[in-house]
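Written below as structure tokens is the structure these notes are about.
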Amino acid sequence: MNEKYFPEVIEAKWQQHWHDTHAFEVKGGDQRPKFYCLEMLPYPSGFLHMGHVRNYSIGDALAWYKRLQGFNVLHPIGWDSFGQPAEQAAIKRGVNPRAWTEENIVHMRGQLQRLGVSYDWSREIAAHRPEYYKWDQWFFLKMYERGLAYKKLSPVNWCPREGTVLSNEQSSGGVCWRCGAAVEKRDLQQWFLRITDYAEQLVADTAEIEATWPEKVIKRQRDWVGRSEGAYIDFTVKDSDKKIRVFTTRIDTVFGATAIVLAPDHPLIDELLKGSALRGDVERFAQKVAAERKRPADASAEEIKEGLNTGVLAVNPFSRETIPVWVANYVLMDYGTGAVMSVPAHDERDFEFAQKYSLPIRQVIAPVTHRQIAAEPQSVTGTDQSAEMRHAFTDYGVLINSGEWGGKLSAVAIKEMAQHAETSGFGGGAVTYRLRDWGISRQRFWGAPVPIIDCAKCGSVAVPYKDLPVLLPETAEFTGSGESPLSGVPEFVNTTCPQCDGPARRETDTMDTFVDSSWYFFRYCDPRNEAAPFDPEIVKQWIPVDQYIGGDSHAVLHLIYARFWNKVMRDLGLISFAEPVKKLLTQGMVTNRVEGTDEWKAMSKSLGNGVDPDEMIEAFGADAARLFILFAAPVENELRWNETGIEGAVRFLRKVYTMVWRWHERLADPGQRVPAAQAGEFSAGARALRRKTHQTIARVTNDFEHLHLNTSVAALMELFNELTDLEVQPDTASPSDLFAVREALESLTLMLAPFCPHIAEELWEKLGHSGGLLAQATVAAVPTWPQADPEWARKEELEIPIQVNGRLRARVLAAPDVSEEDLRAAALADEKVRSFIDGHEVVKVVVVPRRLVNIVVR
RNA sequence: GCCGGAGUGGCGAAAUUGGUAUACGCACCAGACUCAAAAUCUGGCGAGGUCACACUCAUGUCGGUUCGAGUCCGACCUCCGGCACCA
């Protein structure tokens, strides 16, 4: 090879080598410990973007690090290949979604290979291929059998003029994007997965991953599930045997309830208003609310609250008080029970509502201080200030105006009143969740068909397992009308009922693409299995995933679905663990300046601030691009693109390359290697180099364990700078010098491999090793990663800062094992120090062994 | 509005978790090489101050704890994210 660094030559050479030797293909069950390194699979849009490059560079660095450490590393990749863009391309440009997707995959696979990412390509999967989505359908049927998949009427956006379904985006502002007609909410039969059955587990099991997932993600998932502890209370409807059940987290405020408020679409309304003169008004109100479900962003909370008194009365089971029943738009049917007790004095929303409609405001909680609680814990007294209330008082306090409960503290009352409700039979403690079931129906072509057949006689019938997969037709007519294109393919739609053999229609909805990505990393373990989604025995060897890496945009979508799916698979008996991913890293965005502005935004086509990875690779090489990306910022930070930064990375690699070339002839013959003990006395320069080498190994190894990749690179640069400072030259080097240089260069090369695998392979070869970097780790199962010798990593001489009254005044040199007394004496004897303490009284001397001395004077 | 996170040179960032603030890199400045430029190499690079030292100030602001605070505590300011009528 050449004396000059030509990345394109080196990179092509080693990519070919890896391909020819199947270097990254793994099999389970060898004697090495396993490591599953997973990056979020890309959607095959056609082009890799810098976010992908960052994601895969991080993952690849870790995969290489673990391999060199002697782990059997599973590092797979695949394609999240169902989804919108393919269908949009079909609608707009008339292309076939399958052909479009396949072409994109070919192109992007090439890009990943040019980047040199060490994937096991033999395990590549793609969601749109029948051998994959067959198992989406299989899982769907398993869930259907267990009642975890169900169909229900659910509101969608509907254009009455065109008679089609619109997405949220297509109906923004409440009008159809094409014809401008007012969009209605219409109920359609849609398929759901009962993720709410797992709400409690999804919250509780976060304890298992709390320490190893980003706090931010855990928090968002908990918020998303929205567990809330409170109580149910049944209010009896006056002159009726009907009851209205409300959910509250503040049962201690029940004596302050001055109304019951129902969601406009509450099912009880119909029955309660039978024969009422107000019935028509309430119905009209409900329709109006349904039509404008979206909250205008600029409206104040009070403005948009609207309600109507139904004329119905209800009785508070605690106070026996009779209060009116209202309907209002701020109460949601799909949370809690769809009914609330309105306590204006102690709830902001109820307060606003009460102000607007002049409902009474009655204070039942008074503020208390800790001092009061300490003084009379059993019966604290509070003052009623209802008349002057200008805001709701939402804190805990002491109960007033609450009959026999008066004087109790909120915390106590909450427990006792729930208990009382339960023993009296009108309620009790309860937990509710914000989480809703996962709607997976999409009226689209490019997805996995829901494996259900609708029969006029038998209803919804599951497609028998033996008939899977339900294949997508080759193509369909893409009108963009909003209806599933599948419904326009008679060969697909028309079928026979598996139960009665009569004519029947297939379900034309396809599944949300998040279904595909909920379990794909299980499939990687056993990607060609034709009899099952995977063999549990094989999966057991690899999963849980040891490290998962991706953007945090999926914090509550993909990552919560995947956790849900895992729990379902466990309940199906396929696996035995609750959580599929041990450690999660959410990498930061890659941003670039938006031209003509000072703003840094995520690279995107529409902003015109994208940078093409291919161009970077061509200009600087894959190694330099990857090195820059990992060096420029901590992995979880935003990364601001900077072209001069990548030039710096090339500069560094060129210097390392030249350095190895300068030395390699004197180092190349492995036969001449001598162990350290026989290398003779080390010169001062060689000692310094060896020390730096071992310190660097310790630092980089430690940094890798925490994925502090940017500081690892900095450490490698420092080691290189130490080599530059070396006075001895190749032609004058003694055997012990050569030993130290070899040790430094080999360590540097090995530790560079996770960042820049191509040049590392090249230099490793140059240093006299054959078979590639992984020869030892994979063939002989011996770790190749360098080991820090603690003796050498330790400093030879310490520079101890001496402070006087906390201000740095001098530094003294000391041996690492210097005693406290000697250090103290040395500090006090220092000439510079003396000039600061002479004439003062030494009050105290703080000696921190090996660290510093602080002399306190007066 | 509620809940989180973060503020360190011109810039990206370090700081073994309470012990020498600014490692490493980018940009910039000077010198060497060159007819010249680029590339490369060498040196400098927080602010004030000094011929040079000395010294003083500096991790968003103000206060506190401590021999000692970027790090811990309290208040405030600014920016960035998430949720948004969730009872």
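Throughout, a chain's letter reflects where its sequence line sits, starting with A, and its residues are numbered from 1. From a predicted model like this one, the values you see are computed outputs, not experimental measurements.
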> Can you name the residues that form a salt bridge (Lys or Arg N to Asp or Glu O under 4.0 Å) with E348(A), not counting sequence neighbours?
Replying inline: none

>> E200(A): which residues meet the salt bridge (Lys or Arg N to Asp or Glu O under 4.0 Å) condition with it, sequence neighbours left out?
In response: R227(A)

> Which residues, if any, of residues 844-851 of chain A bring a heavy atom under 4.0 Å of RNA chain B?
Replying inline: K844(A), V846(A), V848(A), R851(A)

Nucleotide nearest [X] (side chain, heavy atoms from C-beta), chosen from [options]:
X: A633(A); options: rA87(B), rG19(B), rG12(B); answer: rG12(B)
X: Y335(A); options: rA87(B), rC85(B), rU20(B); answer: rA87(B)
X: E799(A); options: rU42(B), rU20(B), rG25(B); answer: rU20(B)
X: N642(A); options: rA13(B), rC26(B), rC55(B); answer: rC26(B)
X: R654(A); options: rA14(B), rA39(B), rC55(B); answer: rA39(B)
X: R651(A); options: rA21(B), rU40(B), rA13(B); answer: rU40(B)
X: F631(A); options: rU56(B), rG12(B), rC55(B); answer: rG12(B)
X: R434(A); options: rA84(B), rG25(B), rG19(B); answer: rA84(B)

>> I'd like to know if K216(A) and E636(A) make a salt bridge, using a cut-off of under 4.0 Å between side-chain N and carboxylate O.
In response: no

> Can you name the residues that form a side-chain contact (heavy atoms from CB on, under 4.5 Å) with D822(A), not counting sequence neighbours?
Replying inline: V818(A), S819(A)

N/O contacts under 3.5 Å, protein versus nucleotides 1-4 of chain B?
residue : atom : partner : partner atom : Å
rC3(B)  : O2'  : K219(A) : NZ           : 3.1

>> My validator wants the stems of RNA chain B: runs of 3 or more consecutive Watson-Crick or G-U pairs, both distances under 3.5 Å, written as range with range.
In response: B:1-7 with B:77-83, B:10-12 with B:24-26, B:28-32 with B:40-44, B:46-48 with B:55-57, B:60-64 with B:72-76

>> Categorize T724(A) for me: base, sugar-phosphate, or nothing, with a 4.0 angstrom heavy-atom threshold over every strand shown.
In response: sugar-phosphate

> Nearest-Å distance, CD (E636(A)) to P (rA6(B))?
Replying inline: 11 Å

